[in-house]
Amino acid sequence: MSQSQIPSAADAAAERSPMRWVPSLYFMQGTQFFVVMMLASFVFKNMGVSNDQIARWTSVLGTAWAIKPLWSPFLELMRHKKTIVVAMQGLAAILVAVLALTLQTPWWFVLALCVFFLCAYASATHDIACDGLYMGALDSTRQARYAGWQGAFFNGARFFMVGVVLKIAGVLEAPMGVANAWTTVFVGLAVLMAVLAAYNAYSLPGKLSAEHSDLQASAIWETTREIVIDFFRKPGIWMAVLFIVLFRFAEGQVQTIGPLFLIEARDKGGLGLTTSQVADVYGWVGTVAFLVGSVLGGYFTAWLSLRRAMPVLLLAMSVPNATFYYLAATLPSDMWHIGGAVFVEMFGYGFGFVGMILYIMQAVAPGKFQTAHYALGSGVMQLGFILSRSISGDIQVAVGYEHFFLWTLFCGVPVLLLLPFVRIPGKPPAAAEPVPQPAESTT
């Protein structure tokens, strides 16, 4: 065999089954995301930070995923997406290790925020390159075939972070103290992320190379400018933007304060659960309920059409608000009671959230720049979530948990009133296309 006939490492990786790299790639994507958007809140809460501060700063961290379309086109300047993916995974492992050290300092809050900020932007950049690598490595048939595995392993990371990592932190908090427990957890998580980064450096298709493409930054900027202008020239786009923001206005507040309410002391109006109990409720019950709700919401919408299903989906989005209001008003202590309520809450959330994913896909994205406009629509959705998240802590601190969750019920009314004025494409149920399931609940 001649030298030219010997397969290179990159060729060998490209020939591997996608099941050798899709699970580890999207599990790592979810792990990076949930470190910032879920674990940060629990760390801050257990370290004594107030709810208004938690809501305000975690909303700032969430802007990374909202504005990532602004720099995503410029990643095309690098020819090999694998290089960006592995670099961001390695950086994430280092940052999480640094995060562990910050908790041992007197200035832990400021330092941890800085590290979480870097983690957020590394994760958002990883998301862009990760999806680009997936689309570039697989043809359209295999993209569809393995799309379900993307969501499965992304949500598997959600379960792992809440059901396993948070559980370990809860078990360690009593004997070690909060700071030492989370330091131990983050060290272990950093090691796991480093191992996954090393595995992906070997298994992902493509090359680890810093070669540049033939694209010019000026040309990319001009195309980006054209995409944004075309987006805001769409008929009815401002009404669509308002609808997207209002759709998530109540949800952003509930999803921010709800987990903090579960862990808050009972004499302060919370349920007084331990970190370990919250991990059981949200990691196991909540994840299963969200996935079941998402699947059924997708089938329901495909059967009825988005136009006809949207009122029901909007009502489903109010289920979490009503559930938490009930919990705040009754303050049950039985874990079966609380677990059942969380199941109902997360089922309604998963069922209703399908409506926003499909609305952006079918009503906002279609056109000349469909993929880019879907990303912009998703960015608007995330900004709406951040807006509501940023004010949630101040409102809750001012009025208390029970009145706060009652307030969120009223926050769901404006989007229902706006619905008759929003253009929603409708298809006969028989012609409905398969419904993609949301991979994650907050992007």
Side-chain angles (χ1 to χ4, degrees), residues 8-39 64-65 68 71-72 75-76 78-96 119-162 164-165 189-210 287 291 371 374-375 378 436-443:
S8 66
D11 293 334
E15 291 301 317
R16 295 190 187 109
S17 166
M19 285 306 294
R20 297 278 297 274
W21 55 269
V22 169
S24 61
L25 178 62
Y26 281 92
F27 183 83
M28 188 63 169
Q29 184 189 65
T31 298
Q32 293 184 66
F33 176 80
F34 291 119
V35 162
V36 179
M37 296 309 292
M38 294 198 77
L39 290 191
W65 290 274
K68 68 181 182 182
W71 72 86
S72 61
L75 296 188
E76 298 298 331
M78 184 166 285
R79 191 181 300 276
H80 301 289
K81 300 299 182 293
K82 178 177 179 177
T83 305
I84 305 173
V85 168
V86 174
M88 291 302 104
Q89 291 183 1
L91 177 59
I94 294 170
L95 290 172
V96 171
C119 284
Y121 280 85
S123 176
T125 303
H126 176 268
D127 286 0
I128 300 164
C130 172
D131 293 334
L133 185 149
Y134 179 86
M135 291 185 289
L138 303 178
D139 57 34
S140 57
T141 300
R142 292 200 297 172
Q143 285 177 19
R145 184 180 303 157
Y146 293 98
W149 291 107
Q150 284 186 32
F153 280 91
F154 186 92
N155 280 295
R158 182 185 190 278
F159 163 75
F160 174 74
M161 298 303 281
V162 182
V164 178
V165 174
L189 197 55
V191 172
L192 174 63
M193 295 171 79
V195 170
L196 285 172
Y199 174 78
N200 284 326
Y202 162 75
S203 67
L204 292 177
K207 295 192 298 182
L208 286 173
S209 169
T287 299
L291 291 175
T371 301
Y374 179 81
S378 299
Q437 300 306 319
E440 78 78 15
S441 60
T442 62
T443 63

Partners meeting side-chain contact (heavy atoms from CB on, under 4.5 Å) with [X] (sequence neighbours left out):
X	result
F160	F27, V164, V165, L189, L192
L91	M88, L95, A122
A190	V96, A97

- Without swapping roles, check the side chain of S203 against the backbone of Y199 for a donor-acceptor pair under 3.5 Å.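 Pair found, side chain donor or acceptor close to backbone of Y199.
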- Does K82 use its side chain to pair, donor to acceptor, with the backbone of L204 at less than 3.5 Å?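 Pair found, side chain donor or acceptor close to backbone of L204.
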Atom of [X], atom of [Y] and distance for their closest heavy-atom approach:
X	Y	answer
P23	P18	CD-O, 3.8 Å
S24	N200	OG-OD1, 2.6 Å
C119	V36	CB-CG2, 3.8 Å

- Task: Please list, chain by chain and in numerical order, all residues satisfying ring-ring contact (aromatic ring centres under 6.0 Å, His included) with Y121, sequence neighbours excluded.
- Result: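 Partners of Y121 by the ring-ring contact (aromatic ring centres under 6.0 Å, His included) criterion, ordered by chain and then number, come out as W71, F117.
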- Query: Does a donor on one side chain and an acceptor on the other come within less than 3.5 Å for H126 and Q29?
  - Reply: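 There is no such pair (donor and acceptor under 3.5 Å, judged by atom type) between the side chains of H126 and Q29.
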- Is the gap between the ring centers of F34 and F154 under 6.0 Å?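 Aromatic pair counts; centres sit under 6.0 Å.
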- Pairwise distance OG1(T287) to CZ(R158) - rounded to 0.5 angstrom: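 One gets 4.5 Å once the value is rounded to the nearest 0.5 Å.
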- Message: Measuring from atom OG1 of T31 to atom OH of Y26, what distance do you get when rounded to the nearest 0.5 angstrom?
- Response: 14.0 Å
